[in-house]
Each structure stands twice: as C-alpha cells, then as structure tokens.
Amino acid sequence: MIENLFGKLAEKISIYPVPIMVLCIIVNLLLIIGILGMKVENDIEKLYTPIDSQAIQDRDTVQNLYGDPTDRHFHSYQLSNFGLYGAVMILSKNLSDIKKQAYVDEINNIHGIVSAITVENKTYADLAPGSDPLEGISGSVILSQSFQDNFVINNITYPLFGRNLLSPFLAQAISESNKLTSVVGIKLQYYLRQNNASVIQLSKTWEKAFISKMENLKTNLTQIAYVYSDSIEKELNKNINSDIPLFAVTFSLMMTYANLASLNANFNNVANRMNLGFAGVFAPVLAIASAFGFVSAIGVEFTNIVGVMPFLIVGIGIDDMFILMSGMADAPSLSEQPNDNDIRKRMIFMMKKSGVAITITSLTDFLAFAIGYSSVFKSIKNFCVYTGVSVLFCYLNQIFFLSPAIRINEKRTMEKRHFCLCSKVVKPREEYAESSECFLKCIAGSIPITRSDVESPLEKYPKKLILFILNGIWGKISIVLVFLTYLGFSIYGCIHLQQGLQLFNLASEDSYFYKYSLWDEKYYTTEPMIMILVTQTMDYHRSETQNLINSVLYKTKLDNYIDINIEINWLESYKTYPSYNATSESSFVLGLAHFLASSSGQSFTNDVVLDNSNLKLLSSRFYLKAKNMKTSDEQGDFMNRMRKITDSTELPCIIYTPAFVFFEQYVQVLPSTLQTVGIAVVVMLFVTFIFVPDLRVVSIVCITLISILAGIFGFMFYWDLTLSSITMIHLVMSVGFSVDFSVHICHAFFSVEGDDPNEILQNAMDRAGGPIVNAAFSTLLGIIMLAFSSSYIFVSFGKLMFLVITFGLLHGAFFLPLLLYSLKARNLCKTKVSEAEDGGIHTTEAVSSIPKNESFMDIENRSLSCQEFQVPRLQSFSSSQQRRSCPDIQEDMRMHKGNSNKRLGRTTHIGNGFMKYEPFRS
C-alpha cells in the first residue's frame with residue numbers, strides 16, 4: 001500500500017518535474033524570511049541545567065524570603081545565586097611559596113589597580129555591597145594588615161585565621177599542626193551591588209572595565225587569571241562565531257565528495273550523474289535555512305549548540321541522495337527506443353524502493369528528535385526542535401526537489417545530451433571516428449544499460465572490498481573477533497563513564513575563562529557554604545522548635561562531606577547575648593532585634609526575616625561548610641543526601657547552596673538520557689515494524705541498535721567525554737542514525753531473492769552497501785573539520801558523530817551482514833533437508849513481476865532474470881521432467897504474446913543454474 005502511494009507520487013513528479021521543483025524552492029525561500037525574527041538564548045544556567053529543578057525552586061524560595069542582600073551587611077555565602085562579580089587569581093610564576101613580602105606587595109598593587117577602576121565616576125568602593133568595601137571582597141582577610149604581617153613571618157593558622165576561613169582563597173595550601181607552611185597563590189572575588197536595574201547595569205559596565213584592565217595588566221613575580229559573572233556566555237559565543245568558516249569548508253568537502261561519488265568511471269558523458277551530486281547537497285542546505293526561518297518564526301530561541309545541526313543535516317541529505325540514486329540504478333534500464341513512459345516506470349520503481357527507504361530513516365530521525373524534546377534541559381529541547389524540523393524539511397526537499405531533479409536528469413539521459421553541455425547531443429565512442437582519447441573521454445556518451453554503467457569507483461570498490469572480507473573464512477573469523485573485542489571495550493567504558501559538564505570545557509583553551517577555571521579546578525578547593533533555611537513561621541522561643549533545628553543541624557553534620565568545625569548559627573549566638581528572652585515569642589523577637597542591632601549580631605541581619613509588626617519570625621537560616629568536593633559524583637550524591645535529611649524531618653526547611661543549581665545535572669542527566677534514549681529505541685522499532693512488518697527485521701535491528709548504543713556510551717569514556725546535557729543531545733541523535741544503516745541492510749537482505757546465501761549477500765550489498773558506505777564516508781568527511789574547532793560543543797559533537805558513523809558502518813557493512821548471511825545459510829540448509837526428505841523438487845509458479853503496462857516488446861528489449869518470475873507458491877514436480885536453462889525459459893516467454901500481467905507459466909528450480917519451464921495452456 002505504501003509503495004503504491006509512492007508510485008502514484010512518482011507519476012505526478014514525472015509529469016510535472018519543473019513546476020514541482022520551482023514551487024519547492026519558492027516555499028523554502030519564503031520560510032527563510034523567518035530568520036529575521038531569530039532570538040538567541042545563551043544563558044548557561046537556562047540551557048544546561050534542568051528546567052524548573054528543585055534547586056531552582058529552592059532558590060526562588062530564598063529570593064522571595066530574603067531578597068537581595070547586597071545593600072545591607074554583606075557576606076557572599078548569603079547570596080542565593082552567584083551574583084555579579086569580577087574575580088582574579090594570583091599565582092607565583094614558578095608555583096613557589098608566596099609567603100614573602102615581594103609577593104604581598106604585588107598582591108596589594110593588583111588590588112589597588114582593581115579598586116581604582118572607574119565607570120561613570122564610580123569606583124569599586126561605590127559599587128561594593130555592604131557598608132564597607134572590604135565586605136564585598138571574598139578573601140578580603142588576605143588584604144588585612146594583620147594577616148599580611150603574620151603571613152611573611154610564617155605565623156598563619158590554617159584553615160581558620162581568627163574567625164576567617166582561608167581554604168577557599170589559598171592555592172595549593174599545605175599546613176602542618178594547623179600552621180600554614182606553603183601556598184602558591186591567592187584568589188580575590190569582587191562582588192557588586194545588584195539591588196535595582198540601574199545599579200545592575202552600572203555593575204555590569206564595571207565588570208567589562210575590569211576584564212579590559214586585567215587583559216592589559218603586566219606583572220613581575222606573579223601570573224594572573226581572571227573572570228567576571230558573564231564570562232562563560234561571552235566566550236561560548238566567541239567560540240561559535242570563530243568556527244563559522246568551518247561550515248564553508250565542510251560544505252565544500254561534502255559537495256566535492258557527493259560529486260565524485262556520482263561520477264561514473266567509464267567517462268560516459270550521458271550516464272554521468274554529477275549534476276545530481278550538486279542537487280543532493282543543495283537540497284539539505286536549503287532545508288537548513290528554511291528550518292531556521294520557520295523555527296525562529298514560531299518563537300524558539302537559537303542556542304549555540306544548534307550550530308552543529310547543519311553538519312548533521314547535510315550528512316542525512318547526502319545519505320538520502322545516495323539511496324535514491326541507488327534505487328534509480330536498480331530500475332529497469334531505458335529501452336533502445338526510449339520514451340517518457342520508460343522514465344515514468346523508472347521513477348515509479350525508484351520511489352517504491354528508495355522512496356520508502358528514505359521515509360523510514362527520515363521518520364525515525366524525526367521521531368528521535370521529537371522524543372528528545374521531552375528532555376528536562378532547554379538546550380536539548382531547542383536543539384531537537386531545530387534539528388527535527390530540519391530533518392522533516394530535508395526529507396520533503398528530497399521528494400520535491402531532488403526527485404524532480406532526477407527526473408530531469410533522466411530526460412537528459414534519454415535524449416543523449418551531455419551532462420555538462422546539456423544542449424549538446426552526443427554519440428557513443430565507436431561513432432566518433434579517428435577522435436582523440438581526450439575528446440572521447442570529454443564528449444562521447446551513451447544511454448546506460450546496466451548498474452555498472454552509472455556507478456562511480458566510490459560506489460563499486462568499497463562494496464567489493466566488503467564482499468571480499470565477508471566471503472572469506474578468515475574475514476568472517478576476523479569480524480567475529482573484532483566484534484567481541486568491541487563489545488568488551490564498550491562494556492568496560494559504560495561502567496566507568498563519568499557524568500557532568502565542566503564549564504571550562506565550553507570555552508577554548510586560549511580563553512581567559514578556560515585558564516581561570518582550570519586553575520580553580522587544579523589549585524583551589526570546592527567548599528560551598530550550605531544553607532539550612534526554615535521556610536515557615538515557627539515559635540522559636542519554644543524548646544521543641546529549637547530542638548528540631550538542632551536535630552537537622554546534627555544530622556547534617558553527620559555527613560562525611562560536612563566540616564563540623566565551621567557553623568554560622570544566629571540562634572546559638574543570640575542565646576549568649578544578654579537580651580535573649582524565651583518567655584514568649586514576642587519577647588524572643590524583641591530581644592533578637594536588640595541583638596541584630598549590636599556589633600555582635602549585625603552580621604546575622606540577612607539571616608532572619610521578621611513580619612511587619614516585628615513580633616514574628618517568618619523565616620531564618622543557618623550555615624554549615626562542606627568539605628572539598630571535586631567530582632560530579634561526589635557533588636550529586638551530596639545534594640541528594642542533604643535532601644533526604646529535609647524529607648525525613650518535621651521541620652519545614654530546605655538545604656540549599658547556589659552550586660546545587662548546577663549539581664542538578666549530575667543527578668538528572670543519566671536517568672533523563674536513559675529514559676529519552678529508551679523511548680526513542682522503542683519508537684524506532686515500532687516505526688521499523690510498520691514499514692517492514694517482519695519480526696526478524698525488528699529483532700535484528702533491536703540487537704544492532706543496542707550494540708551500537710553500548711559502543712557509543714562505552715567509547716565516550718576513552719575519548720574523555722562525560723555524560724552531560726550536551727552529549728545527551730548527540731546520544732538522542734545517534735538513535736536515529738543507528739537505525740538508518742541497520743534498516744537499509746535488513747531491508748535489502750529480506751527483499752532480494754536467491755537460493756544461494758552468497759548470491760543474496762552480493763545482491764543485498766549491491767542494493768544497500770554502496771549507499772551506506774558513501775553516506776558514512778561523506779558524513780565523516782564533513783565532521784573531520786570539527787577537529788579544528790575551538791568549541792567544546794563542536795568538538796564533542798564531532799567525536800560522538802565519529803563514533804556513531806563508525807560503529808554504524810561497522811555494524812551495517814560487516815557485523816550485521818555476517819549475521820544475516822549466517823541466518824540465510826541456515827534457513828536455506830533447512831529447506832534443502834526438507835526437500836530431500838519429501839523426495840521431490842519444490843517449484844514456484846512463475847508470475848511476472850513486470851510492471852502492469854509493460855508489453856512483450858519491452859520484455860524483448862531487456863534481459864530478464866529467472867527471479868523476476870518467482871512467487872512463494874510451491875508445487876511438486878517430478879525430478880524426471882526435462883531440464884531447461886534460464887535463457888530458454890526467457891525465449892519461451894518472448895514467444896507467448898499476450899497480457900504481461902497474467903500468469904504466464906510455471907518454473908521448476910532444478911539446480912546448477914537450470915530451471916524447468918512449462919507454459920500454461922490458453
């Protein structure tokens with residue numbers, strides 16, 4: 001039924017090729033106009049952390065209760081987000097100990113330069129949060145005279161100096177008996193006010209001035225690294241923009257390959273299909289532009305990761321081009337007196353076979369991205385929308401642009417016109433008497449008769465190599481050994497695959513952000529302050545409430561990653577103050593107000609929220625410090641353990657730190673990936689069954705798909721790729737690609753006929769092997785350029801695409817054909833045993849598979865194979881009946897004039913290439 005629909009579509013394309021092509025181009029151009037309304041989203045948090053995660057909800061709770069603390073007594077640990085800031089790291093040039101006066105002087109000099117940065121007559125002192133500029137500097141204790149005096153005489157206690165924690169601000173700090181013995185650098189972070197829109201704008205202007213000053217700063221004894229709050233977004237955009245030239249080079253390479261793969265080897269200038277190579281690349285490029293326009297018009301923001309989509313779509317388009325051209329090469333050849341009816345029949349054949357094939361692969365790719373839209377990451381959602389629409393438009397362009405182009409090319413071929421000089425009608429080589437070899441190669445040509453007349457060397461020789469390996473016993477053994485080795489490495493890699501996205505990977509290695517983040521990872525600790533926040537009004541004067549608070553603090557301190565020596569607790573400090581009164585809630589709050597107004601309690605001002613009457617505590621918060629956590633597994637597991645504490649207590653509270661927003665990806669990316677990929681696999685198999693309703697095909701595709709995905713997951717480990725929101729996009733994409741090659745090979749194996757497994761293998765590789773190899777090579781050629789990219793997004797995409805295409809090709813060209821060959825050989829062996837036991841020879845009734853409108857004159861003008869008259873209906877014939885060869889049968893067929901769509905006769909397979917034929921009586 002589906003094939004018949006494509007046959008009818010082919011008839012319409014054959015009648016109106018030019019109008020259909022022109023209409024397709026016009027529609028694409030109209031859609032491209034939508035690019036004018038494109039909006040760009042580059043916020044790292046919005047794109048690469050889960051949408052509306054618990055951490056984001058907890059942050060909203062903190063902000064709603066406490067607002068912005070930067071216009072009051074300020075401590076950086078009280079921020080609900082990372083805030084606005086400029087940060088500088090200062091390390092000794094040879095990573096030697098910096099506890100010397102010369103280093104201290106240079107640190108003070110750098111601090112002076114930063115403090116003097118002026119924007120709109122405002123210095124840092126005017127923009128610093130809190131009442132004192134030093135309050136806004138994280139690590140300001142390093143700038144104090146007391147610290148510096150003790151620093152140069154090796155008299156610094158560690159990790160606490162007085163009440164100040166030093167470990168987050170000192171690089172590679174080494175201590176002995178709580179004394180600092182060595183340190184190679186320090187870190188200062190200058191926070192900025194953000195309490196209203198005008199102040200935020202001024203603070204952001206100061207950040208840019210800070211970066212400009214740091215870029216030009218020259219130091220003597222030290223080396224510096226620096227960032228500001230928006231550095232990662234800016235550097236990410238810079239990377240993507242710097243890689244734009246790669247698109248032009250990639251498209252040129254793929255265009256060249258497509259043309260070479262369309263160029264026949266025998267210099268037949270009529271059969272040459274090079275023009276179709278141009279059309280095959282132009283169709284997906286046009287689809288990319290129109291998809292950008294359409295998706296932008298419906299309001300979906302462009303994200304940086306969408307930049308890899310064109311590489312993907314061009315590969316898909318070229319794959320479809322090779323499949324369509326292979327289908328046309330398999331079609332019945334033009335007759336000696338060709339006409340439009342011949343072309344129509346060839347187009348119908350191509351669309352019935354190849355049209356269905358590209359529909360399966362395009363639909364599976366589209367559904368893979370449609371399923372990917374269900375992801376919790378906005379970057380994946382937007383990528384899947386852009387890419388899914390591009391896949392759809394690419395498919396439509398193959399049908400309504402490339403297919404009419406093929407029809408026009410067939411018209412040119414029928415009229416024996418030169419592929420390049422289209423107006424010139426040329427003759428076969430033998431009709432150009434005494435012409436030079438150069439002239440014959442450039443001008444002569446004739447209508448192609450067989451598949452080999454149109455195939456290029458890039459189509460012929462790769463599949464010959466594959467067949468050479470598959471047909472040899474040592475080749476089969478080698479394939480099995482390679483597969484087992486591949487499977488072993490894949491399983492090991494899957495077990496050891498890491499999760500999480502290192503933000504510095506998003507910037508290029510020559511970026512100032514990359515340098516700062518790398519230093520931060522290598523030389524400094526990650527010890528976030530953890531906020532325990534009571535979210536509802538409680539009676540704090542009651543011992544029951546205080547016991548609940550202490551219970552949560554106690555359980556939290558039991559965690560191995562909590563430093564029990566650091567606690568910021570306003571309640572315990574208030575209890576030691578003379579105004580403490582727990583006789584009633586109003587007395588408790590009144591005494592608390594006196595405490596907060598004192599020098600002892602003013603640092604806790606941002607840790608409690610009173611109602612308008614100042615008689616009730618609406619909320620309060622306490623702080624503990626986490627120990628150093630570097631790996632994503634540690635960070636994600638820690639966050640989950642903290643949440644289990646709040647879930648198991650009667651106290652209405654949350655445990656939060658701004659870093660939790662990014663820790664969310666570590667706990668959600670794996671289940672989200674497995675869920676999305678799992679659903680995609682099920683849907684792919686269902687679609688495969690709809691188009692190829694054979695449980696054998698579905699089972700084999702399922703096994704192959706799981707094997708390929710195991711390889712992709714496993715080999716990510718060897719290529720230093722982690723499971724993150726970025727690589728998850730590529731994994732979702734790989735499901736569709738993995739299905740493509742498998743479906744093509746399975747469809748070919750189960751659609752070709754023959755009694756010999758080697759013959760079936762040969763025919764299947766003829767039909768699908770060439771297109772698969774060329775599609776893989778063209779895509780690999782395109783992604784090679786990504787190796788020169790400075791963007792982690794492009795590089796990771798290139799690496800994963802290399803894995804997808806390589807493993808897909810290995811399975812499609814070697815592993816899967818060997819499995820199918822073995823199954824075919826086993827089934828045929830069983831059939832022969834069954835025939836021997838029955839004592840007779842099973843035959844088929846010959847029913848012509850010739851198109852309904854084909855006349856006997858058409859039969860005479862082409863060579864018919866015995867298989868064209870086979871249907872799986874069996875009858876027994878005596879083995880003593882006369883043997884006749886296939887050519888004899890064909891001669892009988894030509895002698896019997898009549899309606900070719902009727903049953904003509906009966907053939908008996910005898911063996912050794914002979915058949916017995918008996919024509920039906922009228």
Side-chain angles (χ1 to χ4, degrees), residues 44-45 48-50 53-56 58-59 62 75-83 87 89 138-139 158-160 165-175 183 185 187 189 227 232 496-506 516-533 552-568 621-646 654-671 720 722-725:
I44 297 298
E45 179 189 308
Y48 300 110
T49 61
S53 64
Q54 183 176 335
I56 291 177
D58 290 345
R59 183 179 63 189
V62 177
H75 299 283
S76 59
Y77 58 79
Q78 296 170 334
L79 285 170
S80 59
N81 54 36
F82 290 108
M89 291 179 181
S138 179
Y158 185 87
L160 287 173
L165 180 66
L166 298 180
S167 53
F169 317 119
L170 301 183
Q172 281 190 346
I174 300 175
S175 63
V183 60
K187 174 168 61 175
Q189 192 153 330
V227 294
I232 181 58
H496 293 85
L497 181 63
Q498 297 294 313
Q499 300 180 48
L501 174 65
Q502 297 288 355
L503 289 182
F504 63 82
N505 281 330
L506 296 176
Y516 181 93
S517 300
L518 194 61
W519 283 12
D520 194 33
E521 178 78 14
K522 189 173 182 180
Y523 302 121
Y524 293 88
T525 60
T526 302
E527 305 175 7
M529 293 295 292
I530 307 301
M531 179 190 306
I532 296 95
L533 184 147
V552 172
L553 290 171
Y554 174 76
K555 290 178 181 177
T556 306
K557 290 178 184 177
L558 291 178
D559 191 272
N560 292 332
Y561 278 86
I562 291 293
D563 187 346
I564 62 175
N565 298 312
I566 307 294
E567 179 179 345
I568 301 175
R621 54 187 177 182
F622 310 85
Y623 304 91
L624 297 172
K625 187 184 76 69
K627 294 179 181 179
N628 187 29
M629 293 181 290
K630 283 296 184 182
T631 69
S632 59
D633 288 339
E634 291 174 329
Q635 295 165 351
D637 290 343
F638 173 78
M639 182 179 68
N640 283 335
R641 292 196 303 273
M642 293 299 100
R643 288 175 176 172
K644 287 180 180 178
I645 293 174
T646 59
I654 59 173
I655 297 181
Y656 171 79
T657 184
F660 278 3
V661 174
F662 289 92
F663 290 1
E664 286 282 6
Q665 63 170 314
Y666 306 145
V667 299
Q668 291 202 38
V669 68
L670 180 58
D720 293 328
T722 59
L723 186 61
S724 67
S725 54

The reported gap from CE in M642 to OH in Y561 (rounded to nearest 0.5 angstrom) is 11.5 Å

With side chains defined as the heavy atoms from C-beta onward, is the minimum distance between M89 and Y524 less than 4.5 Å?
-> yes

Between Y523 and W519, how do the two ring planes meet: parallel, tilted or perpendicular, split at 30° and 60°?
-> perpendicular

Looking only at non-hydrogen atoms, find the nearest pair between I562 and T556 and report the distance.
-> CG1-O, 3.2 Å

Side-chain heavy-atom pair L533, Y656 within 4.5 angstrom cut-off = no

Interatomic distance, Q54 atom CD to N640 atom CG [nearest 0.5 angstrom] = 9.0 Å

Does G139 offer a backbone N or O that forms a donor-acceptor pair with the side chain of Q189 under 3.5 Å?
-> no

Of the options T657, N560, I530, which is the one that meets F638 in a side chain to side chain contact (heavy atoms under 4.5 Å, CB included)?
-> I530

Look at the side chain of D563 and the backbone N and O of A626, then say whether any donor-acceptor pair between them is shorter than 3.5 Å.
-> no

Please say whether more than 12 non-hydrogen atoms of neighbouring residues, nucleotides or ligands are located less than 6.0 Å from CD1 in I564.
-> no

Below 4.5 Å, heavy atoms only, C-beta onward: do D58 and F660 meet side chain to side chain?
-> no

Got a second to check how far M639's CE is from F663's CZ, nearest 0.5 Å?
-> 8.0 Å

Derivation and outcome, side-chain hydrogen bond (donor to acceptor under 3.5 Å, both in side chains), residues E527 and S167 = CA-CA 8 Å; E527 305 175 7; S167 53; 2.6 Å; yes

Looking only at heavy atoms, which two atoms of A87 and Y516 are closest? And how far apart?
-> CB-OH, 3.3 Å

Given side chains that start at C-beta, do those of V183 and Y158 come closer than 4.5 Å, heavy atoms only?
-> no

Might you confirm whether atom NZ of K630 has over 12 heavy atoms from other residues, nucleotides or ligands at distances under 6.0 Å?
-> yes

Heavy-atom side-chain contact between M529 and I568 under 4.5 Å | yes

Keeping the roles fixed (side chain from E45, backbone from V661), state whether a donor-acceptor pair exists under 3.5 Å.
-> no

Say you draw a straight line from CG of D720 to CD of Q498; how long is it, rounded to the nearest 0.5 Å?
-> 10.5 Å

Do V552 and T646 come within less than 4.5 Å of each other through their side chains, counting heavy atoms only?
-> no

Under 4.5 Å between any side-chain heavy atoms of Y77 and M531, yes or no?
-> no

Kindly assign one of parallel, tilted or perpendicular to the pair F662 and F82, based on the angle between their ring planes and the thresholds 30° and 60°.
-> tilted

The single option from I566, I532, D559 passing side chain to side chain contact (heavy atoms under 4.5 Å, CB included) against L624 | I532

